A.B. asks: 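Let me give you the structure first, and then I'll get to my questions.
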Amino acid sequence: MRRALLLLWGNLFLAFPLFPLQMVPKGKVAVVQAAGKGGKIRSSLLSMEGELRVSSGETLFYGDGSLEVDALANQTDGQVREAWFDYSEGWFSFRVGRQIVAWGEADGVRITDVLSSRDLHTLYQDDKLAIDALRLTGSWASHSFDFYWIPMFRVARLPGDDNPLAELDAYRILSLLDRQEPERELAHGSYAVRFASRTPMIDYAFYGYWGYNDLPIVDIGKGMAVYERMGMVGFDADMPVGSFVFRMEGAWYPWQALQRKDLGGSERRNQIQALAGMDWTQGGWSLTLQYACDLVLGRTSGLNHERYEHKATISLSRSLCDDLLDLSLEAAAGLNDLDSVWHASMAYDVTDDLAIEGGWYLFLEGPERTGTYGTYRDYSMAYAKATYQF
């Protein structure tokens, strides 16, 4: 496989026309230290990232790699985050390789954004995993249509055995089971389409996906965790009105495999998710409000999912000192259990290349039930971060 990938990228480089190449390298180094209750160290990371953009005429190659040293887990992890080749000619373009794709208008809430799997090895970064895919795009006027073929599905990245998050019940159970990932065969590929349009009044897009859920279904009786097939049909839209932007997003998951309470596999139900949001920006202030809901059609008494689950998020930020200083407060609350997470931060650009940040995360459980956010109550922490870009 490694030899095949090297040959592929070698052929792609040969595809560049014989014109002067423009090369733009970039990189950054970041250090994060975090401590929780009682001074317990919760994170100690050194990360290095580098990217390279090479273009010539209508062709473009982009590569992005990272190296992460986790002193707490005593491990070093390196990966190629993205590596793709893009060619465009008039109304048509294609992109092939490892690429990160973001769908939808939601901020921190997953409605239609199912193409790139989640990176769950840390609580404090909303990272995605790139997909190895071919994307074909047709564009005309203010419209575009994308088709994705993903021959090999990438499952979500879960915490490793040395990761403190592995102590949580959900991850501990998964570590004891045989995880049955989709076979690496063309018959087990995934497919997706997207149609988008921009108008003076409103921007909108429609999505379709047939592939796999990036998180597995647990079957204790069989000692397995299986990644099930899933489909999704969705849409999003945003409409600017003065200093406001109003957003909406919705998705239908037909016959979705949902986890049973007894961890004895899954039952399939139709599932509908939706979100409404508002953004406001004025004089250095920014405010985002969102409400999201998740409805399961049919009986849910035996499922690890309520018939109607909903949550709300808020984000308030203020830029000061000629945009050198940013203050922000973010919160999300589960409205079924009244659990919540709060994040406050202060970031300052010391120079054009050096930035520092400090803040805290606070996870609160509900008054009667722990809730999703309350599950992480022992992971509340204060942190400090420094980033140098070059």
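The structure presented is a predicted model; accordingly, all values stated were derived computationally and were not measured.
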A.B. asks: Looking at Arg184 and Asp132, does any basic side-chain N land under 4.0 Å from a carboxylate oxygen?
C.D. replies: no

A.B. asks: Identify which one of Glu105, Lys311, Met248, Arg247 satisfies the side chain to side chain contact (heavy atoms under 4.5 Å, CB included) criterion when paired with Leu275.
C.D. replies: Arg247

A.B. asks: So, applying side chain to side chain contact (heavy atoms under 4.5 Å, CB included) with Gln259, which one of Asp219, Ile217, Leu215 is it?
C.D. replies: Ile217

A.B. asks: Taking atom types as modelled, find out whether Ser44 and Gln33 have a side-chain donor-acceptor pair closer than 3.5 angstrom.
C.D. replies: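 Judged by distance alone, the side chains do pair up.
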
A.B. asks: Testing Tyr383, Tyr379, Trp342 one by one against Tyr361 for a ring-ring contact (aromatic ring centres under 6.0 Å, His included), which residue passes?
C.D. replies: Tyr383

A.B. asks: Is a side-chain donor-acceptor pair under 3.5 Å present for Ser345 with Ser328?
C.D. replies: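 Side-chain D/A pair, Ser328 to Ser345: present.
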
A.B. asks: Out of curiosity, Asp77 CG to Leu67 CG, how far, rounded to the nearest 0.5 Å?
C.D. replies: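 With rounding to 0.5 Å, CG (Asp77) is 8.0 Å from CG (Leu67).
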
A.B. asks: Nearest 0.5 angstrom please: Leu168 CG to Leu120 CG, how far?
C.D. replies: 11.5 Å

A.B. asks: Side-chain donor-acceptor pair under 3.5 Å between Trp280 and Gln282, yes or no?
C.D. replies: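 Looking only at side-chain atoms, Gln282 and Trp280 do not form any donor-acceptor pair under 3.5 Å.
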
A.B. asks: Going only through I, L, V, M, F, W and Y residues with side-chain contacts under 4.5 Å, is there a path from Phe145 to Leu136?
C.D. replies: yes

A.B. asks: Give a yes or no on this: more than 12 heavy atoms of other residues, nucleotides or ligands lie within 6.0 Å of atom CE of Met346.
C.D. replies: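 For Met346, atom CE is not crowded (no more than 12 foreign heavy atoms under 6.0 Å).
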
A.B. asks: Taking CZ in Arg268 as the centre, count heavy atoms belonging to other residues, nucleotides or ligands within less than 6.0 Å. Is the count above 12?
C.D. replies: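 It does: Arg268 CZ has more than 12 such atoms within range.
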
A.B. asks: Could you measure the distance from the CG atom of Leu303 to the NE2 atom of His305? Nearest 0.5 Å is fine.
C.D. replies: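 With rounding to 0.5 Å, CG (Leu303) is 8.5 Å from NE2 (His305).
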
A.B. asks: Can you name the residues that form a side-chain contact (heavy atoms from CB on, under 4.5 Å) with Lys40, not counting sequence neighbours?
C.D. replies: Arg42

A.B. asks: If you count the non-hydrogen atoms of other residues, nucleotides and ligands that lie under 6.0 Å from CD in Glu368, is the total more than 12?
C.D. replies: no

A.B. asks: Do Asp337 and Tyr373 meet the criterion of a side-chain donor-acceptor pair at a distance under 3.5 Å?
C.D. replies: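 Their side chains do not contain a donor-acceptor pair, so the 3.5 Å distance test is not met.
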
A.B. asks: Taking atom CD of Gln75 as the centre, does the number of heavy atoms from other residues, nucleotides or ligands within less than 6.0 Å exceed 12?
C.D. replies: yes

A.B. asks: Look up atom CG in Asp323 and atom CG in Asp349, then write down how far apart they are to the nearest 0.5 Å.
C.D. replies: 9.0 Å

A.B. asks: Can you label the angle between the Phe244 ring and the Phe246 ring as parallel, tilted or perpendicular, going by 30° and 60°?
C.D. replies: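 Aromatic pair Phe244/Phe246 classed parallel.
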
A.B. asks: Between Ser88 and Glu58, does any side-chain donor sit less than 3.5 Å from a side-chain acceptor?
C.D. replies: yes

A.B. asks: Yes or no on side-chain hydrogen bond (donor to acceptor under 3.5 Å, both in side chains) for Asp70 and His121, after CA distance, side-chain angles and deciding distance?
C.D. replies: CA-CA 11 Å; Asp70 189 337; His121 85 291; over 6 Å; no

A.B. asks: Using the side-chain contact (heavy atoms from CB on, under 4.5 Å) rule, take Trp149 and Leu186 through it: C-alpha gap first, then chi angles, then the decisive distance, then the call.
C.D. replies: CA-CA 10 Å; Trp149 174 47; Leu186 295 182; 3.6 Å; yes

A.B. asks: The test is side-chain hydrogen bond (donor to acceptor under 3.5 Å, both in side chains); show your working for Ser55 and Arg53 and say whether it passes.
C.D. replies: CA-CA 7 Å; Ser55 62; Arg53 186 181 296 267; over 6 Å; no

A.B. asks: Between the side chains of Gln290 and Asp107, is a donor N or O closer than 3.5 angstrom to an acceptor N or O?
C.D. replies: no

A.B. asks: If you look at every heavy atom in Phe153 and Asp214, which pair is closest and at what distance?
C.D. replies: CZ-CA, 3.7 Å

A.B. asks: Quick one: side-chain contact (heavy atoms from CB on, under 4.5 Å) partners of Tyr227, sequence neighbours excluded?
C.D. replies: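 Here the qualifying residues are Val155, Arg179, Glu181, Pro182, Pro216.
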
A.B. asks: Should the ring pair His143 and Phe195 be called parallel, tilted or perpendicular, given that the plane angle runs from 0 to 90° and is split at 30 and 60?
C.D. replies: parallel

A.B. asks: When rounded to the nearest 0.5 angstrom, what distance separates OG in Ser197 from CG in Asp203?
C.D. replies: 7.5 Å

A.B. asks: Would you please say whether a donor-acceptor pair under 3.5 Å links the side chains of Ser93 and Arg95?
C.D. replies: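 Checked: Ser93/Arg95 side chains show no N/O donor-acceptor pair below 3.5 Å.
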
A.B. asks: State plainly whether the residues Arg172 and Asp169 are in salt-bridge range, i.e. N to O under 4.0 Å.
C.D. replies: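 Between Asp169 and Arg172 there is a salt bridge, with a charged N closer than 4.0 Å to a carboxylate O.
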
A.B. asks: Does the pair Thr281 and Ser243 meet the rule for a side-chain contact (heavy atoms from CB on, under 4.5 Å), with working shown?
C.D. replies: CA-CA 6 Å; Thr281 304; Ser243 57; 5.8 Å; no

A.B. asks: Answer whether the closest heavy-atom distance between the side chains of Val109 and Gln273 falls below 4.5 Å.
C.D. replies: no

A.B. asks: Start with the C-alpha gap between Val114 and Tyr253, add the side-chain angles, then the distance that decides, and say whether side-chain contact (heavy atoms from CB on, under 4.5 Å) holds.
C.D. replies: CA-CA 11 Å; Val114 298; Tyr253 292 81; 3.3 Å; yes

A.B. asks: How many angstroms lie between OH in Tyr308 and CG in Leu295, if you round to the nearest 0.5 Å?
C.D. replies: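 Spacing of OH (Tyr308) from CG (Leu295) equals 7.5 Å.
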
A.B. asks: Charged N to carboxylate O below 4.0 Å: is that the case for Asp119 and Arg81?
C.D. replies: no

